[in-house]
There are 2 protein chains.
Amino acid sequence: MPGENATTTLSESVAADLRRRIAQGEWANGDRLPSEHALSEHYGVSRATIRTALQDLESRGMTVTRRGVGTFVTGQAEGVRADLRQLESLSATIGAHGRRAGVEYRSIAVRVPDERERRALQLEDGEEVLATERALTADGETVAFSNDTIPRRLLGADFSPTEVSGSLFELLEKNGVRAVSAVTEVHAVHDPVIGWGDRPKDPTYLLLSQLHFDRGGTPVALADTYFIEGRFQWGLVRHR
Amino acid sequence: MPGENATTTLSESVAADLRRRIAQGEWANGDRLPSEHALSEHYGVSRATIRTALQDLESRGMTVTRRGVGTFVTGQAEGVRADLRQLESLSATIGAHGRRAGVEYRSIAVRVPDERERRALQLEDGEEVLATERALTADGETVAFSNDTIPRRLLGADFSPTEVSGSLFELLEKNGVRAVSAVTEVHAVHDPVIGWGDRPKDPTYLLLSQLHFDRGGTPVALADTYFIEGRFQWGLVRHR
DNA sequence: GAGTGGTCTAGACCACCCT
DNA sequence: GGGTGGTCTAGACCACTCA
């Protein structure tokens with residue numbers, strides 16, 4: 001298969017190839033894709049694998065499938081769209097869209113939490129937090145600013161702020177903590193005070209305010225991420 | 001299986017039973033469910049069917065699955081306000097939060113579609129659309145402005161714009177059309193031109209730009225809804 | 001090494017849509 | 001009737017986790 005990537009699963013490779021073919025206009029808006037049976041033969045994989053790949057396309061809103069009829073292109077393939085339902089590091093999300101992810105730290109500090117942080121993270125009296133301010137970039141362009149807070153106790157006793165780099169999820173996992181879900185509020189914000197450096201003159205932000213939990217339901221991080229409107233697209237497929 | 005419902009699929013029945021058993025406390029927070037193999041034997045279905053059922057639980061945030069370890073029950077009592085994943089009429093969403101929903105129409109017109117509408121709704125040449133501008137209220141307070149477009153063909157031949165009232169979904173269902181999914185983009189917008197009447201002096205909006213589909217995958221409505229920031233809260237639980 | 005979930009196969013039967 | 005997607009089976013091998 002063209003563009004196959006051996007590090008991914010078969011169904012992901014098939015999905016990526018189908019996304020590429022749709023993006024390149026091989027099928028127009030409203031066109032029917034080949035049947036699952038035909039795709040199965042074309043890619044030399046089982047129909048179950050094709051169906052997994054097609055579910056990827058549908059979850060991205062690129063296709064809709066009609067029972068007894070076929071799978072059709074919706075024409076919603078334009079632009080970068082990251083799936084709001086899917087929790088992953090922003091670096092991974094940016095990478096999945098073929099862009100090079102970067103992080104620039106503006107500040108890193110261990111400090112006393114404010115009241116909101118104390119309550120959200122269920123901190124005991126006297127507990128401290130690691131607080132960071134970061135700019136997230138895609139191909140060198142700043143797409144978001146993020147203010148993140150992690151309970152100090154989750155990081156090793158020998159932890160030093162100077163060793164912080166990369167994504168929030170990476171930092172947590174280096175310390176044996178895995179964030180598996182996040183309760184998220186979605187807001188629109190217009191405030192010139194937010195952010196620094198490379199940003200529009202009068203920026204509007206899509207704010208994802210997220211409280212992350214580990215598998216046991218323990219809150220492990222509070223993250224406010226401000227996405228610069230126009231530079232990063234979030235979306236999802238909603239169902240009744 | 002207890003509580004089995006013959007009108008649903010096997011995997012749905014299994015999922016419903018597992019949800020019931022979790023809700024009844026058969027497994028506590030953090031407990032591991034039986035392995036997929038064991039569940040397969042217990043319910044007398046294949047492992048693939050069990051996996052489909054477990055994916056339902058995970059998508060609801062009731063469980064998290066750890067490769068090589070097992071599937072664990074989460075807390076799941078988290079309070080998301082209006083769930084972005086769940087598609088329903090805004091009136092219903094407002095009502096579900098104990099507020100009285102209202103609609104005020106500003107304009108109703110049958111007109112020629114613009115290019116974006118033509119492409120999204122897959123309109124033939126010459127097809128017209130019903131276009132409405134509405135303000136949506138909760139307990140009398142305006143919470144959102146919505147610009148909606150429906151293909152004229154979906155409405156009866158004897159349809160008259162003067163009979164439009166209530167929600168978009170109601171209008172569609174009166175004409176035998178049921179929107180079951182929506183491809184949604186989420187944006188932040190700061191533009192004083194949007195909206196009318198009761199709104200803040202310098203409003204910021206959370207824009208949900210949605211293309212609705214019926215069960216057959218036919219696009220049935222294009223809706224741009226601008227939620228006044230601070231007056232309506234959207235959220236969701238994201239999963240890895 | 002034993003047990004777990006992740007992926008995949010090669011079938012099968014069904015419900016649905018269209019002509 | 002013929003083609004389509006929806007569901008399901010009974011295996012298989014792999015990657016991962018943990019004792």
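Predicted model only: the values in this text are computed from it and were never measured. A, B, ... follow the sequence lines: proteins, then strands. Residue 1 opens every chain.
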Q: Using a 4.0 Å cut-off on protein heavy atoms (strictly under), produce a 5'-to-3' string for nucleotides 3-13 of chain D with B for base contact, S for backbone-only sugar-phosphate contact, and - for none.
A: BBBBBSB--B-
Q: For Ser89(B), check side chain to side chain donor-acceptor pair (under 3.5 Å) against everything at least two apart and list the hits.
A: none
Q: For Phe145(A), enumerate each residue passing the ring-ring contact (aromatic ring centres under 6.0 Å, His included) test, keeping only those at least two apart in sequence or located in another chain.
A: Trp196(A)
Q: Sequence neighbours left out, what passes salt bridge (charged side-chain N to carboxylate O under 4.0 Å, His left out) with Glu26(A)? Give chain and number order.
A: Arg21(A)
**Q.** Residues in side chain to side chain donor-acceptor pair (under 3.5 Å) contact with Asp148(A), at least two apart in sequence or another chain
**A.** Arg134(A), Ser146(A)
Q.
Run the side chain to side chain contact (heavy atoms under 4.5 Å, CB included) test against Asp224(B) and tell me which residues pass, sequence neighbours left out.
A. Arg116(B), Leu207(B), Ser209(B), Tyr226(B)
